[in-house]
2 protein chains.
Amino acid sequence: MSFERRRLHAGDRIQMAGEPFRRLHLIRVGAVKSILLSSAGNLQMAGLHIQGDWVGFDGLSTGVCACDAIAMDTSEVWAVHYLVLQKTAERVPELSMALHAAMGRQMTRERDWRLALATLPADARLADFLRHWAQALEVRDLRSDHITLRLTRAEIGNYLGMTLETVSRSFSRLVALALISFDDKGRRHFAIPDVAALSAFVESKSVTPSPIPVRQRC
Amino acid sequence: MSFERRRLHAGDRIQMAGEPFRRLHLIRVGAVKSILLSSAGNLQMAGLHIQGDWVGFDGLSTGVCACDAIAMDTSEVWAVHYLVLQKTAERVPELSMALHAAMGRQMTRERDWRLALATLPADARLADFLRHWAQALEVRDLRSDHITLRLTRAEIGNYLGMTLETVSRSFSRLVALALISFDDKGRRHFAIPDVAALSAFVESKSVTPSPIPVRQRC
DNA sequence: CGCACTTTTGAACGCTATCAATGCGTGTGG
DNA sequence: CCACACGCATTGATAGCGTTCAAAAGTGCG
């Protein structure tokens with residue numbers, strides 16, 4: 001099976017909304033964001049992907065790429081034609097199952113984010129976002145102590161469903177609580193001194209609107 | 001490949017959180033809800049599935065079922081062992097690709113819901129929910145004029161990220177706007193006189209917090 | 001009929017959006 | 001080199017939407 005290895009710079013586009021779906025991309029190095037053009041004509045953050053994630057599943061069902069995918073940093077991705085991957089997977093069950101597992105992971109993550117949006121107030125939502133980002137880096141053996149987020153406040157807010165002002169305020173409050181600290185290098189570089197404390201903060205702020213009674217009527 | 005055909009009554013459980021992942025379920029008739037036990041010990045609506053949807057993808061990545069899946073109504077599901085499905089898919093590419101397409105659809109839907117939570121106010125969120133539900137029924141050639149939602153206000157609110165009081169108020173406002181109307185049979189039966197009007201309402205209320213400037217810096 | 005659960009509606013509070021002004025960092029041209 | 005402009009980030013004041021607390025009405029079932 002032939003992977004095409006591509007090196008990318010920040011801003012390079014991996015796929016474009018509207019083009020026919022042919023390839024999947026496995027991210028090896030760096031980070032990629034998916035941008036979706038909403039019906040209202042606005043750009044929306046559709047997803048964030050880093051090392052080990054696949055990009056392109058959005059075209060599987062319709063045959064057309066649904067979103068732009070743009071490198072956020074100097075990156076390396078492996079592109080593979082879906083049909084080739086499919087053919088190979090027929091002979092290599094492990095590959096097929098690994099692909100399924102990757103898709104399952106992505107579904108789970110997407111669902112968890114939906115739940116986070118539904119249950120967390122602004123501060124906790126940002127904290128949860130930063131925590132997951134740090135954890136994702138850690139799992140991949142990347143340095144997770146000093147983190148650089150190559151996103152504007154507007155993009156973060158768009159992803160988290162809050163205004164850029166609220167993002168900024170939440171950052172300030174998290175700093176005030178010493179749950180994060182900004183680097184000298186600018187307001188996009190920060191550190192998480194105590195991940196456990198950050199997690200505890202998220203948990204403590206989690207509220208369930210309309211808790212479902214355990215005593216199920218159905 | 002052997003599907004096991006199962007008939008279910010409201011409240012019957014298809015899978016249980018924590019049990020080892022072995023089977024996927026294809027819903028043929030009826031509707032199923034997925035319930036997740038959150039870290040705070042609360043029950044959360046994880047997903048809603050109807051005819052044509054697969055249930056069980058949540059176990060793909062970890063090997064363990066993440067949520068309970070419970071029939072909301074008299075239903076029929078086809079259960080299939082994942083490993084058997086996998087073996088069969090090696091011989092039948094169409095099956096493999098259909099499965100991928102189904103997973104892609106589910107991912108897209110999950111992402112769309114996340115965006116809806118991020119951009120729609122309460123009334124529009126409920127309207128969008130009802131609209132999608134009606135459309136899902138219509139696509140499957142089920143009657144979509146008079147709809148029965150076998151969910152409590154608390155469950156709807158939990159799914160949409162709002163309190164049950166707000167759900168109730170939003171229902172009332174949608175009725176006042178004549179975008180929906182309650183049936184005589186109770187407050188869980190309703191009709192959508194004009195789907196287009198409902199869609200227009202959702203669109204009109206859609207606001208993008210922190211719009212991303214089209215002029216991308218990256 | 002009475003009880004438990006669900007739904008509706010009201011009033012007050014709090015969180016987040018909105019509008020607005022200021023500060024910061026970078027690149028450009030005088 | 002500095003002034004300036006531009007985009008991004010921060011912070012403040014105010015308003016609005018949704019939550020919270022509370023009470024009452026509707027629904028289903030033994």
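Lettering of chains follows the sequences in order, A, B, ..., and the numbering in each one begins at 1.
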Axis bend over the full length of the helix from C:dC1-D:dG30 to C:dG30-D:dC1, computed from five pairs that close each end, to 10 degrees | 30°
Hey, does the side chain of A:T108 reach the backbone of A:G104 with a donor-acceptor pair shorter than 3.5 angstrom?
-> yes
Figure out the CD/C1' separation between B:E155 and C:dT7, and round it to whole Å.
-> 14 Å
What is the distance, rounded to the nearest whole Å, between atom NE2 of A:H189 and atom P of D:dC8?
-> 15 Å
Whole-Å gap separating P (D:dT19) and CG (B:L160) = 11 Å
Figure out the CG/C1' separation between A:L149 and D:dC8, and round it to whole Å.
-> 15 Å
Produce a footprint string for nucleotides 16-22 of chain C: one letter per nucleotide, 5' end first; B if the base is under 4.0 Å from any protein heavy atom, S if only the sugar-phosphate is, - if neither.
-> SSBB---
Give the rounded distance in Å between these two atoms: CG of A:L164 and P of D:dT11.
-> 13 Å
For A:G161 against A:R125, the heavy-atom pair lying closest together = O-NH1, 3.4 Å
Using only side-chain N and O atoms of B:R188, determine if any of them is under 4.0 Å from OP1 or OP2 of C:dT7.
-> yes
To the nearest angstrom, how far is B:F182 atom CZ from C:dT7 atom C1'?
-> 9 Å
For the pair made of CG in B:L151 and C1' in C:dT6, what is the distance, rounded to whole Å?
-> 13 Å
Min side-chain heavy-atom separation B:I192-B:L179 under 4.5 Å = no
So does B:R140 pair up with B:D53, basic N to acidic O under 4.0 Å?
-> yes
Going by heavy atoms in the side chains, are A:H132 and A:D112 under 4.5 Å from each other?
-> no
B:D73 (side chain) donor-acceptor with B:S75 (main chain) under 3.5 angstrom | no
Counting only side-chain N and O atoms of B:R187, is one of them less than 4.0 Å from OP1 or OP2 of D:dT27?
-> yes
Does a nitrogen or oxygen in the side chain of A:S172 sit under 4.0 Å from OP1 or OP2 of D:dT11?
-> yes
Distance, rounded to the nearest Å, where B:L174 contributes CG and C:dT7 contributes C1' | 16 Å
Check: B:C67 main-chain N/O paired with B:Q15 side-chain donor or acceptor under 3.5 Å = yes
